[in-house]
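Input: a single structure, listed below in structure tokens.
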Amino acid sequence: MKFLDLNLLSPEANLALEEALLEWAEAGGGECLRLWESPTHFVVLGAGSPLETDVNLAACADRQIPVLRRCSGGGTVIQGPGCLNYTLVLDKDKREDLATIASTSCTILKSIARAIEVCGGGSVAVQGYSDLTIGGLKFSGNAQRRRKRFILFHGTILYNFDLDLLATCLGTPEKMPDYREEREHDSFVTNLAVEAECLKQEIRREWGADVGLTAWPADRTEELAAGRYADQGWIRSI
């Protein structure tokens, strides 16, 4: 599997690269794993997430934190330093365990949990729609987008994040998993006590991602970043 450890400078470019890698795979590029961590904070809506209820727009504006929308489903999150992101682009035609949304989540989240446990992160559970938790507290949210042959599955792992920003910048989601028990962000989310470099190493090992991806789709990333991901009409569409 190809591997790409790449943080781009702008939030729009980091999100655009996710979609560009999915398109690249469909065009014959094959499977890949990307690991990245944004150097700046930004809020990311899921493809179907409502802007007005999911985001505190005034607080984001005061802190100059941009609000964007991604191409996959799932809930609204905030990105930035201390949040490691992993992105898997996988060929479902070659992997029977990726036949459905549920089986895909189960397969991938179990692999991420194994990597975390090897790094000393403790006993990890899969809860809710596609969350990873420890002691009933969420540290990882995940989402996917499925195309004809390939699947984009990406997620966050909080390990040294400013958790106060969640309550400041995010609203209360309309839909909550039962295990959340209507808890507010500050009593529902936690940082994982692990080192980012260990996580990177073990996630790579889990997926056999040992071939560096040097010719990543830079032009398409730039095109998507300047178009879709900077388009306020699309960001504010829901």
Any chain of hydrophobic side-chain contacts (each under 4.5 Å) joining [X] to [Y]?
{"X": "Trp36", "Y": "Leu33", "value": "no"}
{"X": "Val43", "Y": "Phe188", "value": "yes"}
{"X": "Met1", "Y": "Ile108", "value": "yes"}
{"X": "Tyr86", "Y": "Val77", "value": "no"}
{"X": "Leu51", "Y": "Leu166", "value": "yes"}

Got a second to check how far [X]'s [atom1] is from [Y]'s [atom2], nearest 0.5 Å?
{"X": "His41", "Y": "Phe161", "atom1": "NE2", "atom2": "CZ", "result": "4.5 Å"}
{"X": "Leu109", "Y": "Asp131", "atom1": "CG", "atom2": "CG", "result": "8.5 Å"}
{"X": "Ile78", "Y": "Cys169", "atom1": "CD1", "atom2": "SG", "result": "4.0 Å"}
{"X": "Tyr159", "Y": "Thr190", "atom1": "OH", "atom2": "OG1", "result": "14.5 Å"}
{"X": "Asn7", "Y": "Asn85", "atom1": "CG", "atom2": "CG", "result": "8.5 Å"}
{"X": "Leu199", "Y": "Ile157", "atom1": "CG", "atom2": "CD1", "result": "5.0 Å"}

I need the full list of salt bridge (charged side-chain N to carboxylate O under 4.0 Å, His left out) pairs touching [range], with sequence neighbours left out, sorted by first then second residue.
{"range": "residues 140-151", "value": "Glu19-Arg145, Asp91-Arg149, Asp93-Arg149"}
{"range": "residues 47-74", "value": "none"}
{"range": "residues 161-174", "value": "none"}

(message) For residues 202-238, which residue pairs pass the disulfide bond (SG atoms under 2.5 Å apart) check, not counting sequence neighbours?
(response) none
(request) Could you name each residue pair satisfying disulfide bond (SG atoms under 2.5 Å apart) that touches residues 13-63, not counting sequence neighbours? (result) none
If we ignore hydrogens and angles and just use 3.5 Å, is the side chain of [X] paired with the main-chain N or O of [Y] as donor and acceptor?
{"X": "Glu117", "Y": "Val124", "result": "yes"}
{"X": "Arg183", "Y": "Arg180", "result": "yes"}
{"X": "Ser105", "Y": "Ala102", "result": "no"}
{"X": "Glu37", "Y": "Gly82", "result": "yes"}
{"X": "Thr76", "Y": "Leu45", "result": "no"}
{"X": "Asn56", "Y": "Gly171", "result": "no"}
{"X": "Thr168", "Y": "Leu165", "result": "no"}
{"X": "Gln144", "Y": "Ile101", "result": "yes"}

Specify the closest pair of heavy atoms between [X] and [Y], including all atoms of both residues, with the distance to one decimal.
{"X": "Gly74", "Y": "Ser49", "answer": "O-OG, 3.3 Å"}
{"X": "Phe153", "Y": "Thr104", "answer": "CD1-CG2, 3.9 Å"}
{"X": "Ala115", "Y": "Glu202", "answer": "CB-CB, 3.7 Å"}
{"X": "Cys83", "Y": "Thr156", "answer": "SG-CB, 3.6 Å"}
{"X": "Pro177", "Y": "Gly128", "answer": "CB-CA, 3.7 Å"}
{"X": "Pro39", "Y": "Pro81", "answer": "O-CG, 3.6 Å"}

(message) Restricting to side-chain contact (heavy atoms from CB on, under 4.5 Å), what partner residues turn up for Ala125, sequence neighbours left out?
(response) Gln127, Thr133
(request) Using the test side-chain contact (heavy atoms from CB on, under 4.5 Å), find all partners of Ala16 that sit at least two apart in sequence or belong to another chain. (result)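 By the side-chain contact (heavy atoms from CB on, under 4.5 Å) rule, Ala16 matches Thr221, Leu224, Ala225, Tyr229.
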Within-4.5 Å side-chain heavy-atom neighbours: [X] and [Y]:
{"X": "Ser72", "Y": "His154", "result": "yes"}
{"X": "Pro11", "Y": "Thr40", "result": "yes"}
{"X": "Leu192", "Y": "Leu158", "result": "no"}
{"X": "Arg228", "Y": "Leu15", "result": "no"}
{"X": "Asp210", "Y": "Phe3", "result": "no"}
{"X": "Lys138", "Y": "Tyr179", "result": "yes"}

Greater than 12 external heavy atoms within 6.0 Å of [X]'s [atom1]:
{"X": "Glu26", "atom1": "CD", "answer": "yes"}
{"X": "Lys110", "atom1": "NZ", "answer": "no"}
{"X": "Glu222", "atom1": "CD", "answer": "no"}
{"X": "Glu96", "atom1": "CD", "answer": "no"}

(request) Kindly give the cluster partners of Leu21, where membership spreads through any ILVMFWY side chain lying under 4.5 Å from a current member. (result)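 Under the 4.5 Å side-chain rule, Leu21 groups with Leu4, Leu6, Leu8, Leu17, Leu22, Trp24, Val89, Phe150, Leu152, Leu213, Trp216.
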(request) Could you identify which residues cluster with Met176, counting Ile, Leu, Val, Met, Phe, Trp and Tyr as linked when any side-chain heavy atoms lie under 4.5 Å apart, either directly or through a chain of such contacts? (result)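 Other cluster members: none.
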(request) Output, in order, the C-alpha distance, side-chain angles, deciding distance and verdict of side chain to side chain contact (heavy atoms under 4.5 Å, CB included) for Glu206 and Val118. (result) CA-CA 11 Å; Glu206 279 284 334; Val118 169; 5.9 Å; no
(message) Which residues pass the side chain to side chain donor-acceptor pair (under 3.5 Å) test with Thr100, not counting sequence neighbours?
(response)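 With neighbours one apart ignored, the set is Ser103.
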(request) Applying side chain to side chain donor-acceptor pair (under 3.5 Å), name anything that partners Glu223, two or more places apart in sequence or on another chain. (result)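 So Glu223 forms a side chain to side chain donor-acceptor pair (under 3.5 Å) with Arg220.
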(request) Tell me, please, which residues at least two apart from Cys198 pass disulfide bond (SG atoms under 2.5 Å apart). (result) Cys119
